[in-house]
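Scroll down for the structure; my scribbles are underneath it.
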Amino acid sequence: MSKRQFRAIGTGGWGRTLGAAVISLIYFFPVLFIILTAFKTRQDALSWPVKFVFAPTLSNFVSVFYRVSVEGGDAEATGFGLYFFNSMFIGGTSVLLALIIGTAAAYGFSRFPLRGNETYLFMILTTRMMPPIIAIIPIFVLFRIFGLSGTYVGIIALYTAFNLPFSIWMVKSFFDDLDRDIEDAARMDGSGEWRVFKKICLPQVYAGLAATFVFAVILTWNEFVFALLLSGTQTRTVPVQIVRTIGGSMGVDWGLLSALETLFIIPVVLVTFALQNQLLRGVTFGTIRR
Amino acid sequence: MTSSTPLPTPQAAIAAAPPARGARGFLGWLLAPERRGPLLITPAIVTLVLVNIFPLLWSYGLSFFSYNAKYINRPPRWNGLGNYADLFTDPEVWGRFQNTAVIVLGSVALQLVVGFLLALLFAKEFPLRRYLLMLVLAPMMLSLSAVGVFFRLFYEPTFGFIPRSVQTVHYWLTGVDEPFVILDTPVKATLAIIFADAWMWSPFVMLLVLAGLVSVPKYLYEAAEIDRASAWRRFSTITFPYIRSLLLLALLFRTIETFKIFDVPYVLTEGGPGTSTETISVYLFRVAFNYFRTGSASALGYIVLFGVIVLTSLYLYAIQFRGRASGE
């Protein structure tokens with residue numbers, strides 16, 4: 001679990017570093033460009049050639065939360081505080097629920113395989129591969145019938161199920177990686193199954209659970225289609241509001257939009273650094289280890 | 001695991017273990033060892049059935065009706081196979097599948113090439129490698145809708161970075177200063193989407209190829225060195241066989257995901273110009289939530305789902321194949 005993922009073959013010197021740095025920066029340029037634009041004044045943002053050296057301003061970030069919507073009026077709250085809270089609250093709660101249910105299932109699949117274990121796992125994976133747009137049609141209808149659209153309960157339930165297949169596969173892969181001998185030794189010494197789980201298996205996968213949690217929170221934080229259709233004005237999440245902001249009639253305010261995007265993506269970029277050893281496992285839903 | 005109580009002797013453990021927990025009644029029956037597996041997975045299965053499977057069956061039913069989700073109280077009208085028949089004969093649907101296929105082919109091909117080259121670059125250890133790697137991997141973790149917004153800014157005709165750059169270069173070369181518009185023709189708009197999608201997902205391919213590259217046993221290269229095998233021969237007989245299965249996985253996984261592409265065209269081009277970049281998912285969204293032909297959308301959903309299931313089965317087959325091949 002340590003540094004195996006980015007193991008390398010052979011070594012290159014600083015020459016390769018230079019080449020890789022150039023290419024990485026070109027690759028990362030769009031993200032960098034947005035972050036830089038977020039700190040620019042309106043004139044700087046629109047100037048050509050692009051200014052890389054400029055006097056930074058935080059005004060765009062302020063106007064994400066408070067801005068003048070009517071000419072000559074006072075600055076008003078834009079509601080973005082609420083949307084950020086919603087994104088975090090909905091993401092955090094649903095992932096926590098998915099992780100609790102998913103860890104139990106993962107442990108079951110890993111340690112007490114059923115007849116047809118692989119079939120169940122296959123079915124669970126299929127629900128994740130399914131185009132979300134198909135599930136959403138009936139869910140939309142059901143939410144309307146049961147009055148769940150626009151409520152936290154509805155969207156959290158939906159995201160819990162959305163995160164479940166991912167959590168199960170990911171956590172199962174961590175349980176599968178453990179050395180069974182320790183567990184068997186504990187069983188021989190008379191530990192009950194609950195004790196084996198709680199005292200031996202669980203502590204060994206804490207790091208994996210944390211990685212799964214963070215990964216799933218990112219996926220939920222980024223999710224757009226479900227949120228677009230099923231969240232109401234009070235439960236709206238950040239991606240939906242960003243897309244609504246470009247659609248607005250006031251024209252595109254580059255600095256503002258960049259500031260929004262920056263606030264939205266910076267946590268993800270930072271967390272990616274923290275998650276680096278679990279990236280491969282995460283992006284392939286735990287189907288590929290290492 | 002540092003418990004202060006002394007460990008029981010083996011004899012005591014054996015004597016104490018199974019019969020001690022002789023709980024009776026329903027709870028005892030429920031917690032019996034043979035029911036541990038089912039018990040642990042039940043909450044997950046129930047959740048998935050309620051939130052995934054049940055709605056899916058519901059929409060299967062709806063696909064045989066004429067129904068409008070806007071008027072939930074109006075009863076659905078039986079339409080038999082009418083929805084399916086209409087869809088199979090509708091040139092619009094066929095056109096959306098074609099749009100999607102072009103984007104899938106272009107984007108997945110570009111991802112494989114770029115991802116492969118990036119992996120070769122990062123295969124060797126060098127100073128600062130891990131940090132530079134993170135810069136390349138970051139796009140993959142971003143939101144699809146955020147990437148749509150990014151590229152909308154970059155492609156924006158008057159101030160966008162890319163049109164401005166092209167305009168400037170064009171001016172240097174020919175002396176003609178004319179604005180360059182990206183999203184105005186079907187071909188350019190499609191390329192714009194392919195570019196954005198490939199930018200986001202090439203790191204994914206890189207990650208898989210890297211995993212393949214490092215799994216090649218070193219002694220094979222050492223042996224090749226002794227045999228003075230050419231670089232091409234080393235690649236084709238040692239490296240490629242090891243990364244082949246992972247490349248296949250990347251290809252299938254990205255094909256499935258790109259086939260479902262929604263956020264990027266929805267945000268970036270809104271399907272335009274005309275309907276030239278309207279993918280099947282965007283079209284499905286329109287049918288379902290703009291025109292509210294819910295029954296018809298459900299039927300189309302099932303047609304798409306069929307495609308995804310075929311691709312997913314191939315993907316899972318490839319995983320198992322790889323598992324067997326590498327003895328995992």
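Letters A, B, ... mirror the listed sequences (proteins, then strands); counts begin at 1.
For a residue to count as touching a neighbouring chain, one of its non-hydrogen atoms must lie under 4.5 Å from one of that chain's; by this rule Lys260(B) touches chain A with the side chain only. Contacts of Leu114(A) with chain B are made by side-chain atoms alone, with heavy-atom separations under 4.5 Å and no backbone atom involved. For Ile218(A), the part lying near chain B is the side chain, with the backbone staying farther off; criterion is any non-hydrogen pair under 4.5 Å. Only the side chain of Phe140(A) comes within contact range of chain B, with heavy atoms under 4.5 Å apart. Neither the backbone nor the side chain of Leu219(A) comes within less than 4.5 Å of any heavy atom of chain B. Residue Tyr60(B) does not touch chain A at all, counting heavy-atom pairs closer than 4.5 Å. Both the backbone and the side chain of Ser298(B) come within contact range of chain A, each with at least one heavy atom under 4.5 Å from a heavy atom of that chain. Within the 4.5 angstrom heavy-atom criterion, atoms from both the backbone and the side chain of Val31(A) approach chain B. Contacts of Phe162(A) with chain B are absent, with no heavy-atom separation under 4.5 Å from either backbone or side chain. For Ser165(B), the parts lying near chain A are the backbone and the side chain together; criterion is any non-hydrogen pair under 4.5 Å. For chain B, the nearby part of Ala157(A) is the backbone; its heavy atoms alone come within less than 4.5 Å. Both the backbone and the side chain of Ile137(A) come within less than 4.5 Å of a heavy atom of chain B. Residue Leu32(A) does not touch chain B at all, counting heavy-atom pairs closer than 4.5 Å. In this structure, no portion of Leu300(B) lies under 4.5 Å from any heavy atom of chain A. For Phe253(B), the part sitting under 4.5 Å from any heavy atom of chain A is the side chain, from C-beta outward, and nothing else. At a 4.5 Å heavy-atom cutoff, the contact between Phe264(A) and chain B is made by side-chain atoms alone. Heavy-atom distances place the side chain of Ala288(B), and not its backbone, under 4.5 Å from chain A. Of the atoms belonging to Pro139(B), it is side-chain heavy atoms, and not backbone ones, that fall under 4.5 Å from chain A. Residue Tyr159(A) does not touch chain B at all, counting heavy-atom pairs closer than 4.5 Å. Looking at Val136(B), both its backbone and its side chain come within 4.5 Å of chain A, counting heavy atoms on both sides.
Side chain of Arg129(B) to backbone of Thr17(A): no donor-acceptor contact under 3.5 angstrom is found. No donor-acceptor pair closer than 3.5 Å links the side chain of Ser59(B) to the backbone N or O of Pro138(A).
No other option in Phe151(B), Tyr67(B), Phe204(B) has as many heavy-atom pairs under 4.5 Å with chain A as Phe204(B). Heavy-atom pairs under 4.5 Å with chain A peak, among Tyr302(B), Trp58(B), Tyr131(B), Phe259(B), at Trp58(B). Contact tally against chain A (heavy-atom pairs below 4.5 Å) for Ala146(B), Pro43(B), Pro38(B): the top residue is Ala146(B). Chosen from Ala21(A), Pro239(A), Ala135(A), the residue pairing most often with chain B at heavy-atom distances under 4.5 Å is Ala21(A). Counting heavy-atom pairs closer than 4.5 Å to chain A, the top residue among Val304(B), Thr168(B), Leu311(B) is Thr168(B). In terms of non-hydrogen atom pairs under 4.5 Å with chain B, the most contact-rich of Ile34(A), Thr160(A), Ile145(A), Ile26(A) is Ile34(A). If you tally non-hydrogen atom pairs under 4.5 Å between each of Ser24(A), Ala161(A), Ser167(A) and chain B, the highest count goes to Ser24(A). Chain A forms more heavy-atom pairs under 4.5 Å with one residue of Ala44(B), Ala250(B), Ala297(B), Ser281(B) than with any other, namely Ala44(B). For the set Pro127(B), Ser313(B), Ser145(B), the count of heavy-atom pairs under 4.5 angstrom toward chain A peaks at Pro127(B). In terms of heavy-atom pairs under 4.5 angstrom with chain B, the leader among Ile139(A), Asn117(A), Leu142(A) is Leu142(A).
Leu48(B) has its side chain within reach of Pro165(A): a pair of non-hydrogen atoms, C-beta onward, lies under 4.5 Å apart. Contact of the Val225(A) side chain with the Tyr266(B) side chain is not registered, since no non-hydrogen atoms from C-beta on lie closer than 4.5 Å. By the 4.5 Å heavy-atom criterion applied to side chains, Leu305(B) and Met130(A) are counted as neighbours. Proximity of Phe285(B) to Leu229(A): side-chain heavy atoms (C-beta onward) are separated by under 4.5 Å at one or more points. Taking the side chain as every heavy atom from C-beta outward, Thr272(A) and Met140(B) never approach each other to under 4.5 Å. Contact of the Tyr27(A) side chain with the Ser202(B) side chain is registered, since non-hydrogen atoms from C-beta on lie closer than 4.5 Å. Contact annotation: the side chain of Phe289(B) never approaches that of Leu228(A) to less than 4.5 Å [non-hydrogen atoms, C-beta and beyond]. Using a 4.5 Å heavy-atom threshold, the side chains of Val269(A) and Leu142(B) count as touching.
The nearest pair of heavy atoms linking Trp254(A) to Gly160(B) is CH2-CA, 3.8 Å. Shown here for Ala138(B) and Phe28(A), the closest heavy-atom pair between the two residues is CB-CE1, 3.8 Å. Considering every non-hydrogen atom in both Ile134(A) and Gly301(B), the closest pair reads CD1-O, 2.9 Å. The shortest non-hydrogen separation linking Phe126(B) to Ala20(A) is CZ-CB, 3.5 Å. A pairwise comparison of heavy atoms in Met141(B) and Asn222(A) identifies O-ND2, 2.8 Å as the closest pair. Taking each heavy atom of Ala104(A) and Leu40(B) in turn, the nearest pair found is O-CB, 3.4 Å.
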Can you list the steps and then say if Leu128(B) with Trp14(A) is a side chain to side chain contact (heavy atoms under 4.5 Å, CB included)? CA-CA 9 Å; Leu128(B) 303 178; Trp14(A) 283 94; 4.2 Å; yes

Could you go step by step and tell me if Phe262(B) and Phe224(A) meet the side chain to side chain contact (heavy atoms under 4.5 Å, CB included) rule? CA-CA 10 Å; Phe262(B) 173 80; Phe224(A) 175 65; 4.2 Å; yes

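Here the straight-line distance linking atom OG1 of Thr47(B) with atom CG of Leu97(A) works out to 9.0 Å at 0.5 Å rounding. Distance CD1/Ile41(B) to CZ/Phe112(A): 12.0 Å, rounded to 0.5 Å. The CZ atom of Arg36(B) sits 9.0 Å away from atom OH of Tyr107(A), with the distance rounded to the nearest 0.5 Å. One finds the CD1 atom of Ile45(B) at 8.5 Å from the CG atom of Leu164(A) (value rounded to the nearest 0.5 Å). Taking CG from Leu125(A) and OH from Tyr315(B), the interatomic distance works out to 7.0 Å, rounded to the nearest 0.5 Å. With values rounded to the nearest 0.5 angstrom, Leu121(B) atom CG is found 5.0 Å from Ile23(A) atom CD1.
A 6.0 Å sphere centred on CZ of Phe29(A) holds more than 12 heavy atoms belonging to other residues, nucleotides or ligands.
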Solution key, residues 50-57 of chain B side-chain donor-acceptor pairs under 3.5 Å, sequence neighbours excluded:
none

